[in-house]
Amino acid sequence: MPELLDPFEPDDRIERALAESRSHLLGNIPQPGLGFVSARADAVRRRRRLFAAAGGTALAVLTITGVRLASTPGEPTPGPAAPNQYAINTSVTSHTSTWSGEGIEVLAPDRPTLNVPGLLYDVEFADDRHGYALAADCHALPTCTLTLARSDDGGDEWQTLQTPVPSATPETLPDLMVLNGTELVLGGAWHSPDSGRTWAATPVDDAPLTAIPANSRLFLAPDGLRVRQAAAGGRAAKLGTLPSGFAVNWAAPGPSRDGAWWVTGFSGGKPQIAVSRDAGRSWQLTPVSVLSGVVGGIRVAVGKDQIYAVVTGRTTADGTRQAASPILGLFRSTDNGQTFSLFEGFPPAAAGDLVPLPDGRVLTAVDTDPGTWWVAASGQQGGTKVTALPQVSRVHRTGAGYVAFGVWGMDWTAFSPDGMSWRRLGVH
């Protein structure tokens, strides 16, 4: 029976039909393989390989904040946010497409989008509302044009900012660090005290610290672990309290919820996890035993009641492509990091950071073709592929949650404060 219309109500059948069609179409878009996304991200990988050749490892290269640009910084042009010079998709409705599985939800609202040239390769959130995004357009090699954007509403709307580094080579792409909520450090060479409105060169500081000041961030530089200090012009100092002979290859940028600082590396050629619960003044080392394979590095993720450590290797073939970070073992601690036990049968490769979920499970992006999500329950041996969620390339921990790259097998990114609910960002 045809739908009867109320003569006093507007006819919204067309709008509803369009919304349903749009939802169906978006949910059935043919998704390109991860190889396509990997090719778009080739500039970032070249930067990482360059740093690895200088003595880093496959995991250490994921955090290179503090490496100064090769050229001497010139005087930037201070000023307010730059006007958006790129196309903004202004077609918007209240419709939101949703993907869900295993209690995890990915939302794609239909809203205005800031389209920047190139590929987003670094996204940081200071809190649940203030985010920053870096994009590189490397079509005119050997030079990449850089774009910096900011959001003040949780990632829905974005505007471009003036940047003191308008271009770089693929090997010197700067990364971004957020300090104290409003301070930015770009490429380790430039500091902004006011959310990117003005910039000045960062000072050099080689005097070692005996503790990590509040609101600071850890990062790996070519000369080892350093501390980027807040309210100090972006100053970066060495940390002189690590155990003798301990070679760091990964560091959590910030403390966990209980104030602990986590770093990993090697001591005596064996993989170790180090934690400091007194702001870096002293450290406790815990060895990690791996059944087989050559360890490339270890990443730690701290949940509510569990601490996870994923041990990855150098590289391996998985039948479709070379996995960047094959998993040699996923470990879990239920005694606050005193001991770690092995999870067996987890997926073949990790792509970025683990995401501890509020309910005790752990979520990870898997570096296969196509990239997929996996989740493991607390105490569960192995993991489950979440086929209902869209493709993903990698996950990056920020100061206020997590950012997923290469979502839907394309250049989209999504942000989540807790790993359970993800929302597509309005910059592309």
Side-chain angles (χ1 to χ4, degrees), residues 47-48 50-57 59-76 122 124 163-165 168-169 171-193 198-255 259-267 272 274-285 297 399:
R47 178 189 68 179
R48 294 172 181 169
L50 179 67
F51 185 67
T57 66
L59 285 180
V61 298
L62 294 175
T63 308
I64 65 168
T65 303
V67 181
R68 292 181 176 273
L69 301 181
S71 59
T72 302
E75 186 66 27
D122 195 356
E124 303 290 335
T163 170
V165 187
T169 67
E171 292 76 18
T172 59
L173 289 178
D175 57 357
L176 187 65
M177 180 180 286
V178 182
L179 295 166
N180 209 20
T182 58
E183 294 185 64
L184 306 181
V185 177
L186 182 61
W190 293 102
H191 172 260
S192 172
T198 61
W199 297 87
T202 56
V204 177
D205 189 351
D206 288 327
L209 294 173
T210 57
I212 304 171
N215 298 317
S216 297
R217 293 290 181 265
L218 297 183
F219 68 94
L220 288 180
D223 59 353
L225 188 67
R226 281 185 174 259
V227 181
R228 184 77 66 187
Q229 302 171 68
R235 189 182 307 273
K238 296 178 181 179
L239 184 63
T241 61
L242 290 171
S244 177
F246 181 69
V248 179
N249 78 345
W250 175 86
W261 293 86
W262 294 86
V263 300
T264 67
F266 297 87
S267 181
Q272 302 265 358
V275 60
S276 174
R277 303 187 186 279
D278 56 5
R281 295 177 179 87
S282 62
W283 296 85
Q284 170 192 326
L285 292 180

TODO: Hey, could you give me the CG/CG distance between L173 and D122, rounded to the nearest 0.5 Å?
DONE: 10.0 Å
Open item on the list: For a quick test of reading the model, state the closest non-hydrogen atom pair linking R277 to A260 and the distance between them.
Closed with: NH1-CB, 3.6 Å
- [ ] Determine the minimum heavy-atom distance between P203 and A232, stating which atoms define it.
- [x] CG-O, 4.0 Å
Task: Exercise: identify the closest heavy-atom pair between A168 and P174 - done: CB-CD, 4.1 Å
TODO: State whether the side chain of W283 and the backbone N or O of G280 hold a donor-acceptor pair below 3.5 Å, judged by distance alone.
DONE: yes
Task: Residue pair L218 / R226, side-chain heavy-atom distance below 4.5 Å - done: no
- [ ] Search all heavy atoms of L186 against all heavy atoms of P164 and return the closest pair with its distance.
- [x] CD2-CD, 4.0 Å
TODO: Determine yes or no for a side-chain-to-main-chain donor-acceptor pair under 3.5 angstrom, with E124 supplying the side chain and G399 the backbone.
DONE: no
Open item on the list: Within the 4.5 Å heavy-atom criterion, are F219 and M177 side-chain neighbours or not?
Closed with: yes
Task: Non-neighbouring partners of R217 that pass salt bridge (charged side-chain N to carboxylate O under 4.0 Å, His left out), sequence neighbours left out - done: none
Open item on the list: Please check: side-chain N/O of S192 versus main-chain N/O of W199, any donor-acceptor pairing under 3.5 Å?
Closed with: no
Open item on the list: Are the side chains of N249 and F266 in contact, using a 4.5 Å heavy-atom criterion?
Closed with: yes
Task: Residue pair Q229 / I212, side-chain heavy-atom distance below 4.5 Å - done: no
Open item on the list: Rounded at 0.5 Å granularity, tell me how far NE2 in H191 sits from CG in L179.
Closed with: 6.5 Å
Task: Gap between atom CG of L225 and atom NZ of K238 - 0.5 Å precision - done: 11.5 Å
TODO: First locate atom CZ of R228, then atom CZ of R235, and finally report the distance between them rounded to the nearest 0.5 Å.
DONE: 11.0 Å
Task: Heavy-atom side-chain contact between F246 and L285 under 4.5 Å - done: yes
- [ ] Taking all non-hydrogen atoms of both residues into account, name the closest pair between A207 and A237 and its distance.
- [x] O-CB, 3.5 Å
Task: Of L220, L239, V248, the residue whose pairing with V263 passes side-chain contact (heavy atoms from CB on, under 4.5 Å) - done: V248
TODO: Report yes or no: does N180 contribute a side-chain atom to a donor-acceptor pair with the main-chain N or O of T182 at less than 3.5 Å?
DONE: no
Task: From OG (S276) to CG (L242), nearest 0.5 Å - done: 9.0 Å
Task: Validation row: W261, V275 side chains within 4.5 angstrom (heavy atoms) - done: no
